Amino acid sequence: MVTIDRLIKKVLSYNPKADVEVIKRAYVFSREAHCAQTRSEGTPYIYHPLSVAEILADMKLDTATIVAGLLHDTVEDTDTAPEDIKSMFGSETAFLVDALTKLSKVESKTKEDVQAENFRKMLLAMSKDVRVILIKFADRLHNMRTLKYLPENKQKRIAEETLDIYAPLANRLGIGWMRTEFEDLSFNALMSDTYHELQRKVAKRKEEQQLYIGDIIRIIEGKLMAAGIEAKIKGRVKHFYGIHQKLQKQKIPFEEVHDVIGLRIITDTVGHCYDILGIIHSMWPLVPGRFKDFISLPKSNMYQSLHTTVVGPGGERIEFQIRTEEMDKIAEEGIAAHWRYKEDESVDKRNVRHIAWLRELVKEISDAKEFLEAVKGEVVQETVYVFTPNGDIKELPVNSTPIDFAYSIHTAVGHKCVGAKVNGRIVPLRTNLNSGDVVEIMTSPSHGPSKDWLKFVVTQRAKSRIKQWVKTEERKRSIELGTKLIEDELRRHGVSLSHLKSEKMEKVLMSFSINSLEDLYIAIGFGKVSAHQVVNRLVSEVTGKERPEEISVAKPVRPQKERKNIIVIKGIDNVLYHVAKCCFPVPGDSIIGFITKGKGITIHRMECSNMDRLKEDSERLVEVQWSQDGEVASNAKLFVESIDKPGILANLSALISSANVNISFLKASSTHDKRALFELTLEIKNRSQLANIVSKISQVEGVLSVKR
């Protein structure tokens, strides 16, 4: 069991100049503060902060971090005040302890909200000082190592959170050994039987392959010695959760996994890494698609290594990782390697490069759940490497598109993106990028992102920027629409617009639990509140009457000719509207308007299949009518079913053309039972013209049915 003497000995082994006295004082302080507490396993509580501090010492961290590890629970779980920590151990340690304490003090409605807000606060603190997350990692790791003493439901919850958040984040920060232990401990807690069965199979294979691996090592050592290259070679067993993931992804039995055991070769220089690679490839054939060069193209978490798989003696596949000693240290310790006991370097100097991505997210996303999703998007393991025209490398998740690439450069580039070239050729914006692609983004200053982009972008950076822009635009349009609707409703009732800024209006806003006039416009524009309700309430306040007399509705104002509006919203002029694509109403149809979130008013036919659903939210329905200006064509959709025979499409096209009607869209398909299906979008002036077209199509030989 860990003791203070063992901890101090470990710290002095890598940092002989460490302030041992402050570590001892922190231990005594923590022991006294937690003296009345015990852990779930029945041991005195002090063994937990001691174990956390020892994990931090294993990571060779500075004295302030070790001290904060010993004190990390004192403010949260005892009567200790933050001021006590500051006066006794200094402001640096006090900041770390305070940051960790605040992570647990989250009040929220659901467990998901707690997790998201907790995580956001943790990374907010981490963006200022990485040591916060390193202490939190050590705390979580010791809790995972003693998880079996907790109730089963709590074990599952903590293990799921560790697998979902802590392991990927450890990977993103390059702490390989910790990510592996997080995953295997979580795997054991969540699927114990599967874990132990896999553990047994791996041990058996390792035993079977021990002689084989030994022979391979001796062969390579001989070759390297002959070439004058110094290197250390050691066997490496893939961790259990990694094997389990491979079995699930590839849907194969354990016996078909060929790289359970591999070899890691550690040498002195980058040049020798490539020399060793050449020697291995000259001895055994390379398995196609299994070579990766992470030295020339490092991962975003600083990981560098050469990976290759060859077919060795007897047809066995052997996986090699080749790297320098420095690369091996970074591969295992990641960002923690930059926090080794170098007391003379500033916090900012060591933080900036490796968590710039996190600082950007913290700055731009305030919603906790959105932030959690954004960080998860930053910790993906499968990536592609693409280039800018200038040769700069961008690391993106697999299936990223030019839009994702554009936002990875700058938000403004993403917003203004209108097209892209990949390897010199113009491609659709939804094209998936591959490693090695050179991507050039074409922009336009007058362009803005499309909501449809959310259907295919994969990076959380792109998703959050697009959502933010769409939300801002919808808010702006809703303010315009809400303002128009309420002002015209006031005019209908003969009420002065000046009442909008009166004390009476403030009372109306309070009655609807709305804070400001702008929020009212947004609520009306989004269809959450009816302009009619608000004005009725305001008229009641102004006149003092409980039920104000209805004032006759003004005649619809004719739209201006240049706008060519063919629909009038009763009592309102120049309001944003669009025709519903579910029913395509044309002049002459009975119609109704529905206030759609951020889009103005959507016009539906009264017999639209969606009317039952729309009527459930009747406050958002508005009366509309066709303008007298019937010269403007509207789109109407027809579905035609016919016998599949030569010339049927030509006959339909000729008939529609003879009626002086334009076909703006046509889609044709055939079925296995020799029927032809046509979807036509026609530019129609009015309902009678459409009825005439339907009648004529119905009479065409071979046509079985025509419907809207």
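We count residues from 1, following the sequence as given. These figures come from a predicted structure and were not determined experimentally.
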Check your understanding: Does the side-chain contact (heavy atoms from CB on, under 4.5 Å) test come out yes or no for D328 and E325, once each step is laid out?
Key -> CA-CA 5 Å; D328 192 52; E325 289 186 10; 5.5 Å; no

Exercise for review: Just do the side chain to side chain donor-acceptor pair (under 3.5 Å) check on Y195 and H244 with the steps written out, would you?
Suggested key: CA-CA 8 Å; Y195 173 86; H244 173 71; over 6 Å; no

**Study point:** R140/E181 salt bridge by N-O under 4.0 Å criterion
**Key:** no

Review point. Is any side-chain heavy atom of I243 closer than 4.5 Å to a side-chain heavy atom of L247?
Key: yes

Point to revise | Donor + acceptor pair across side chains of Q155, R157 (<3.5 Å) | key: no

Exercise for review: Kindly say whether P397 contributes a backbone atom to a donor-acceptor pair with the side chain of S400 at under 3.5 angstrom?
Suggested key: yes

Study note, to complete from the structure: Residue pairs meeting salt bridge (Lys or Arg N to Asp or Glu O under 4.0 Å), one or both in residues 409-437, sequence neighbours left out, come to none

Exercise for review: Report yes or no: does T267 contribute a side-chain atom to a donor-acceptor pair with the main-chain N or O of A231 at less than 3.5 Å?
Suggested key: no

Review point. Are there more than 12 heavy atoms of other residues, nucleotides or ligands under 6.0 Å from atom CE of M225?
Key: no

Exercise for review: Could you list the residues that satisfy ring pair (Phe, Tyr, Trp, His ring centres under 6.0 Å) with F320, not counting sequence neighbours?
Suggested key: none

Exercise for review: Spell out, as yes or no, whether a donor-acceptor pair under 3.5 Å connects the side chain of T431 to the backbone of P428.
Suggested key: yes

**Study point:** Evaluation steps, ring-ring contact (aromatic ring centres under 6.0 Å, His included), between F187 and H239
**Key:** CA-CA 11 Å; F187 181 29; H239 71 294; 9.3 Å; no

Revision key, fill the gap. Applied to residues 186-204, the salt bridge (Lys or Arg N to Asp or Glu O under 4.0 Å) test, sequence neighbours excluded, yields E197-R200, E197-K201

Review point. So, T308 and H281: side-chain donor and acceptor under 3.5 Å apart, yes or no?
Key: yes

**Study point:** Student check: side-chain heavy atoms of L70 and L7 closer than 4.5 Å
**Key:** yes

**Study point:** Any donor-acceptor pair under 3.5 Å from D184 side chain to Y241 backbone
**Key:** yes

Review point. Would you find a donor on one side and an acceptor on the other, under 3.5 Å apart, between the side chain of N15 and the backbone of L12?
Key: no

**Study point:** Partner residues of H307 under the ring pair (Phe, Tyr, Trp, His ring centres under 6.0 Å) criterion, sequence neighbours left out
**Key:** F294, Y303

Review point. Taking C-beta and beyond as the side chain, do R323 and R264 meet within less than 4.5 Å on heavy atoms?
Key: yes

Please tabulate, one pair per line, all N/O donor-acceptor pairs under 3.5 Å involving side-chain atoms of residues 211-224, not counting sequence neighbours.
residue, atom, partner, partner atom, Å
Y212, OH, P313, O, 2.6
D215, OD1, R218, NH2, 2.4

Point to revise | Test: R461 and D404 ion pair at under 4.0 Å | key: no

Check your understanding: About how many Å separate OH of Y385 and NZ of K292, when rounded to the nearest 0.5 Å?
Key -> 8.5 Å

Revision key, fill the gap. Those residues at least two apart in sequence (or on a different chain) that pass ring pair (Phe, Tyr, Trp, His ring centres under 6.0 Å) with H272 are none

Check your understanding: Can you tell if the side chain of L433 reaches within under 4.5 Å of the side chain of P402, non-hydrogen atoms only?
Key -> yes

Exercise for review: Have a look at L185 and tell me which of L163, L190, L141, T180 forms a side-chain contact (heavy atoms from CB on, under 4.5 Å) with it.
Suggested key: L141

Check your understanding: Is a donor on one side and an acceptor on the other found under 3.5 Å between the side chain of S51 and the backbone of Y47?
Key -> yes

Check your understanding: Is there side-chain contact between W284 and V311, with at least one heavy-atom pair below 4.5 Å?
Key -> no

Exercise for review: Would you please test I403 and F456 for side-chain contact (heavy atoms from CB on, under 4.5 Å) and show each step?
Suggested key: CA-CA 9 Å; I403 295 294; F456 55 81; 4.0 Å; yes

Review point. Taking all atoms of both residues into account, what is the closest heavy-atom pair of M442 and A420, and its distance?
Key: CE-N, 3.2 Å

Review point. What's the spacing between T65 OG1 and H72 NE2 if we round to 0.5 Å?
Key: 13.5 Å

